[in-house]
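The sequence lines fix the lettering, A, B, ..., with proteins before strands; numbering per chain opens at 1. Note that the coordinates shown come from a computational prediction; the quantities given were computed from them, not determined experimentally.
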There are 2 protein chains.
Amino acid sequence: MGEESTDSGSRGAPTSIDVARRAGVSQAAVSLVLGGKAAGRVGKKSQEAILRAAKELGYAPNSAARTLRSGRSQVIALVVPDVNNPFFAAVFEGAECAARKEGYSVILITLKDIQDWQQLINKAFTTYAVEGWVLYTMRVPTAPLQELLRDKAILVDGFTNEMPSLLLNIAHGMSDMMQHLIQLGHTRIAHLAAAPDDETFLLRHRVYREQLQQHKIPYRDDYQVRSAFTLESSYQAAYQLLTLKDAPTAIVCDSDMLAAGVYQAAHTLHLTIPADVSVTGFDDSLVSRILVPPLTTVAIPTQTLGEQTIALLLSVLEKKQAPYFDSLPLSLVVRGSTTTIADK
Amino acid sequence: MGEESTDSGSRGAPTSIDVARRAGVSQAAVSLVLGGKAAGRVGKKSQEAILRAAKELGYAPNSAARTLRSGRSQVIALVVPDVNNPFFAAVFEGAECAARKEGYSVILITLKDIQDWQQLINKAFTTYAVEGWVLYTMRVPTAPLQELLRDKAILVDGFTNEMPSLLLNIAHGMSDMMQHLIQLGHTRIAHLAAAPDDETFLLRHRVYREQLQQHKIPYRDDYQVRSAFTLESSYQAAYQLLTLKDAPTAIVCDSDMLAAGVYQAAHTLHLTIPADVSVTGFDDSLVSRILVPPLTTVAIPTQTLGEQTIALLLSVLEKKQAPYFDSLPLSLVVRGSTTTIADK
DNA sequence: CTGAAAGCGCTTACAG
DNA sequence: CTGAAAGCGCTTACAG
């Protein structure tokens with residue numbers, strides 16, 4: 001015998017063998033019944049006995065054994081840049097909810113630095129048995145990782161030829177936002193952009209310029225600032241804009257989190273939102289509702305996003321259909337942070 | 001042969017046998033080297049050959065097999081009521097960071113309703129191989145669950161005889177907060193309490209009353225309101241307080257999230273914080289820094305909390321010491337939402 | 001409808 | 001220092 005022998009029955013968790021013994025059936029029958037595959041394979045009497053015995057013993061199938069044998073863990077990993085951004089917390093909740101309906105669970109992996117790619121994913125590979133990956137990181141993974149993730153990962157709000165994407169209609173949302181401000185009479189519109197030069201943010205900027213051009217509003221270099229996703233950074237950036245000689249009457253932010261910095265700077269400068277300056281966000285996260293006045297923003301519907309994400313990933317995993325590229329519509333949510341341009 | 005036979009080598013993921021074959025060693029040697037247990041057991045030459053072969057094949061150990069055989073998954077589950085509350089997102093990050101240093105990973109489980117206890121934990125039991133549990137839910141689990149969790153779970157900010165607790169010094173934090181307001185000259189101090197009647201919130205209320213009494217300030221029933229953790233609810237509660245004939249000059253909230261509702265209500269009523277009313281929170285989450293002016297609050301240090309939580313859980317799992325009860329000190333963070341009482 | 005058995009990919013004690 | 005082998009607890013095809 002290979003190992004420290006243990007008298008069965010008195011050990012930690014009960015196994016399917018313990019349940020079988022108690023119910024007077026074979027171990028295989030236990031597995032079938034608890035796996036929901038007993039139809040026409042196990043008699044009524046046995047089924048009842050098995051369920052009773054399992055309950056009495058407090059039996060739960062060993063997930064490692066199940067995963068090892070079946071090759072299926074029913075676990076999906078969601079990779080995001082930062083959970084502390086309430087938007088990604090909502091994305092997690094949306095994905096978790098959609099996944100649960102399909103019998104899957106979601107683990108959350110935070111990818112703070114780009115260097116973490118290797119480390120974190122390797123860790124996830126050796127720690128969890130992850131069946132599928134949803135990457136919402138605005139960063140395309142490195143080549144060796146793409147190989148590991150082939151046919152089991154999708155990208156959200158990003159594009160690469162190496163894996164299917166769920167695209168968001170960022171351009172439409174941004175363009176709605178610009179038109180909203182222009183209709184309110186704004187012409188001095190600044191852009192507080194996100195510092196990372198991911199495609200999703202570059203796109204926002206492109207639409208910002210296009211809209212200015214279409215409405216014959218001159219583009220001004222001094223109305224362009226960029227900020228990291230910290231309050232300090234966005235505060236500084238906003239302060240710079242608001243203290244310009246010819247300060248903007250509206251500031252378009254790439255994210256609700258960045259807009260929070262504008263609120264701080266406006267307060268410092270005794271400016272009132274929206275009377276003195278209109279402010280807009282992007283995401284429609286908790287942040288947009290907490291700010292006073294509530295933030296006009298572009299809503300990314302996290303529940304729908306979760307559903308579509310899970311649907312796309314499962315279709316990829318099951319190879320039911322060729323990877324497709326979809327585009328989720330975003331909608332403008334007008335709240336109290338924008339108003340018509342004041343005559344001063 | 002039991003099953004669809006597969007010619008080894010050409011299947012999905014490479015196994016330790018593939019690596020062994022390529023390196024010209026036994027499968028066991030591969031396991032030892034990649035498990036970091038090769039010291040004095042495998043020769044230098046073999047080790048190098050194994051590592052090279054593993055790299056070339058892109059080998060990663062199968063986690064389900066490892067967990068099944070070793071009985072250790074290195075996974076800890078953190079159960080919280082709501083990830084959308086930025087405080088719990090920070091708690092997750094703190095725990096994840098501390099756990100990683102010890103070689104563990106953390107999965108996040110959200111427990112919205114008390115009814116979910118059974119369902120979610122059972123699911124976690126059968127989906128993940130969870131070694132240890134951290135319950136930060138302000139709810140003590142039901143009896144049958146306590147049995148399942150025996151000797152592998154700890155409770156944060158809650159108490160039961162059934163499992164070890166990490167206690168937070170809520171009383172101290174709340175008492176500091178009350179003294180801060182009283183020193184500023186406030187006597188009309190209202191309490192916007194959390195609706196759930198968990199011990200942690202009842203304690204805040206007890207300290208609130210004690211402090212009033214100690215400073216000979218009369219307790220007023222009309223200064224007591226309770227609110228769920230939604231903006232709508234806390235807005236309503238705050239509105240009620242602020243429209244009293246004899247409105248309070250300070251509102252003490254059980255959580256930063258609740259304070260956000262006070263900001264909204266104050267804005268509606270054209271009241272300025274802190275000039276017209278001082279507001280305080282609890283947690284020191286992202287919310288407290290986003291609000292304008294930033295919120296005076298009681299800080300729960302999520303990084304330290306994560307470290308202590310993991311340390312306590314691991315000591316319980318390893319049975320290195322008897323479960324102990326510790327109490328994490330909290331500190332007052334004075335920001336811009338509180339000021340001296342204005343003479344009107 | 002039921003039972004006996006193979007085997008998922010590892011870890012680990014043991015014999016050499 | 002190396003190799004052969006047992007076995008973790010399941011799932012699933014197969015023989016009855």
How close or far is atom [atom2] of [N] from atom [atom1] of [X], stated in whole angstroms?
X        : N       : atom1 : atom2 : result
Tyr59(A) : dG9(D)  : OH    : C1'   : 7 Å
Arg66(B) : dC8(C)  : CZ    : P     : 19 Å
Ile17(A) : dT11(D) : CD1   : P     : 12 Å
Leu34(A) : dG9(D)  : CG    : C1'   : 13 Å
Gln74(A) : dC10(D) : CD    : C1'   : 15 Å
Asn62(A) : dT11(D) : CG    : C1'   : 13 Å
Leu68(A) : dT11(D) : CG    : C1'   : 10 Å

Exercise. Please determine, for dA13(D), whether a Watson-Crick or G-U wobble partner exists with both distances under 3.5 Å, and give it or none.
Key: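 Paired with dA13(D), as far as the under-3.5 Å criterion goes, is no nucleotide at all.
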
Look through every strand shown and name the nucleotide pairing with dA4(D) as Watson-Crick or G-U wobble, where both distances are under 3.5 Å.
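dA4(D) is unpaired by these criteria.
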
Need to verify one output field. Residue with the more 5' nearest nucleotide on DNA chain C, Val30(B) or Ala65(A)?
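Result of the comparison: Ala65(A).
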
With nearest nucleotides of DNA chain C determined for Leu32(A) and Gln27(A) from heavy-atom distances, which residue corresponds to the more 5′ nucleotide?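 Result: Leu32(A).
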
Hey, is the side chain of [X] poking within less than 4.0 Å of OP1 or OP2 on [N], counting only N and O atoms?
X        : N       : value
Lys37(B) : dT11(C) : no
Ser31(B) : dT11(C) : yes
Ser70(B) : dT11(C) : no
Thr15(A) : dC8(D)  : no

Quiz item: So what does Ala29(A) hit on the nucleic acid, given a heavy-atom distance under 4.0 Å: a base, only sugar-phosphate, or nothing?
Solution: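 Nothing, no nucleic acid heavy atom in range.
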
Once you apply a heavy-atom cut-off of 4.0 Å, does Thr67(A) come out as touching a base, just sugar-phosphate, or nothing?
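Nothing: the residue Thr67(A), judged by heavy atoms under 4.0 Å, touches no strand.
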
The side chain of Arg69(A) lies closest to which of these nucleotides: dG9(D), dA4(D), dA6(D)?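 Among the listed nucleotides, the one closest to the side chain of Arg69(A) is dG9(D).
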
(Q) Looking only at the side chain of Ser26(A) (C-beta and beyond, no hydrogens), which of the listed nucleotides dG3(C), dC10(C), dT12(D) gets closest? (A)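 Selected nucleotide: dG3(C).
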
- Query: Regarding Arg72(A) and Tyr104(A), is there a side-chain donor-to-acceptor distance under 3.5 Å anywhere?
  - Reply: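 There is such a pair between these side chains.
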
Note to self: Please check: side-chain N/O of Asn85(A) versus main-chain N/O of Phe87(A), any donor-acceptor pairing under 3.5 Å?
What the structure shows: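 Checked: pair present.
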
Expected output: side-chain Ser63(B) to main-chain Ala129(A) donor-acceptor under 3.5 Å:
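It does hold such a pair.
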
Practice prompt. Indicate yes or no: does Glu162(B) engage Arg150(B) in a salt bridge with an N to O separation below 4.0 Å.
Written response: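 A salt bridge is present here (some side-chain N lies under 4.0 Å from a carboxylate O).
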
Run the salt-bridge test on Arg52(B) and Glu48(B) with the 4.0 Å N-O cut-off and return the result as yes or no.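 No salt bridge links Arg52(B) with Glu48(B).
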
